[in-house]
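This report refers to the structure that appears directly beneath it.
This chain uses plain numbering: 1 for the first residue, then up along the sequence. A quick note: this is a predicted structure, and the numbers were derived from the prediction, not measured.
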Amino acid sequence: MPTPPIHYTAIGDSITVGIGALFNYGFAYQYRDALKKDLQARIVFQNAGKSGITSRELLQLLRKKTELQKAVASAQVITCSIGGNDLLQASNHFFTRSQEAVFERAFQNFRNNLEDIHDAIKRIKSDASSPYMIRYLDLYNPFPDMKFAVKWVKRFNGAFDGLIDKQTAIAPVYAAFLGQETHLLFLDHKHPNMEGHRVIARAVQQLGYYPIR
């Protein structure tokens, strides 16, 4: 009897889309290939990433978009890249207003949205008949020479810690990029380059496959 396929749905922002990688062969596609190799299974893959999306917008899609809900409901593997655009928007406001309070507001909104995103995924998966796993990516720092950026990227990343449970783990992308940003970022200094996407995929892969295997 053939082994049933594993369904993998990738959600989130332009990192999920693959921006910065050659031919958009980003971390999600590379992780798909790692799943196939490591688990010796056919992978049914859906990339539901959307460039420029914020945590609030992803939450709205999870609550309202039937196609996305179906893709999440069918998945044994879910990855999520989110938060980078929340942070970049706050940075743009900071550069025009020079008020660090914009980061505090952005952080509070992001943390609340992230908790609601996780709850929305859990609700969609509440009737799951097979084990599933969720893998979030924490945020790398595209501005490592700016002290305020280090502070707030770390603060944003702290919001992911409360999501960890038996299905959920956080890929340590910040740590993987630390000190290597110039080698791992694309020409725009915002997105990962091809090597950066490879590093992200590896960070997710190294989390293992519990509880699906």
**Fill in**
In short, side chain to side chain donor-acceptor pair (under 3.5 Å) pairs touching residues 69-79 with sequence neighbours left out are Y8-T79
**Request:** Hey, could you give me each pair passing salt bridge (charged side-chain N to carboxylate O under 4.0 Å, His left out) that has a residue in residues 13-25? Not counting sequence neighbours.
**Result:** none
**E57 side chain vs T54 backbone, donor-acceptor pair below 3.5 Å** = yes
**Message:** Please check if the number of heavy atoms outside K125 that lie under 6.0 Å from its NZ is greater than 12.
**Reply:** yes
**Results of side-chain hydrogen bond (donor to acceptor under 3.5 Å, both in side chains) for H191 - residues two or more places apart only** = S14, D188
**Request:** Locate the shortest heavy-atom distance separating I11 from A48; write the atom from each residue and the value.
**Result:** CG2-CB, 4.2 Å
**Message:** I'd like to check the side chain to side chain contact (heavy atoms under 4.5 Å, CB included) partners of K37; sequence neighbours left out, ordered by chain and number.
**Reply:** none
**Message:** So V153 and Y140, do their side chains get closer than 4.5 Å, heavy atoms only?
**Reply:** no
**Message:** With salt bridge (charged side-chain N to carboxylate O under 4.0 Å, His left out) as the rule and sequence neighbours excluded, what pairs involving residues 146-159 come up?
**Reply:** E100-K151, E104-R155
Please output the side-chain donor-acceptor pairs of residues 172-181 that fall under 3.5 Å, not counting sequence neighbours, one pair per line with the distance.
unit_1, atom_1, unit_2, atom_2, d
E181, OE1, G179, N, 3.1
E181, OE2, G179, N, 3.4

**For L88, all residues meeting side chain to side chain contact (heavy atoms under 4.5 Å, CB included), sequence neighbours excluded** = N85, F143, K190
**Request:** Please identify each residue that fulfils salt bridge (charged side-chain N to carboxylate O under 4.0 Å, His left out) with R32, with sequence neighbours left out.
**Result:** none
Which atom pairs, donor and acceptor, lie under 3.5 Å between side-chain atoms of residues 113-121 and protein residues at least two apart or in another chain?
unit_1, atom_1, unit_2, atom_2, d
N113, ND2, S55, OG, 3.0
N113, ND2, N109, O, 3.1
H118, ND1, Y136, OH, 2.8
H118, NE2, L163, O, 3.4
H118, NE2, D165, OD2, 3.3

Give every donor-acceptor pair under 3.5 Å between a side-chain atom in residues 203-211 and any protein atom, sequence neighbours left out.
unit_1, atom_1, unit_2, atom_2, d
Q205, OE1, R202, NH1, 3.1
Q205, NE2, D38, OD2, 2.7
Y209, OH, D38, OD2, 2.5

**Atom CZ of R42: over 12 foreign heavy atoms under 6.0 Å** = no
**Message:** I'd like to check the ring-ring contact (aromatic ring centres under 6.0 Å, His included) partners of Y29; sequence neighbours left out, ordered by chain and number.
**Reply:** F45
**ring-ring contact (aromatic ring centres under 6.0 Å, His included) partners of F160, counting only residues at least two apart** = F110
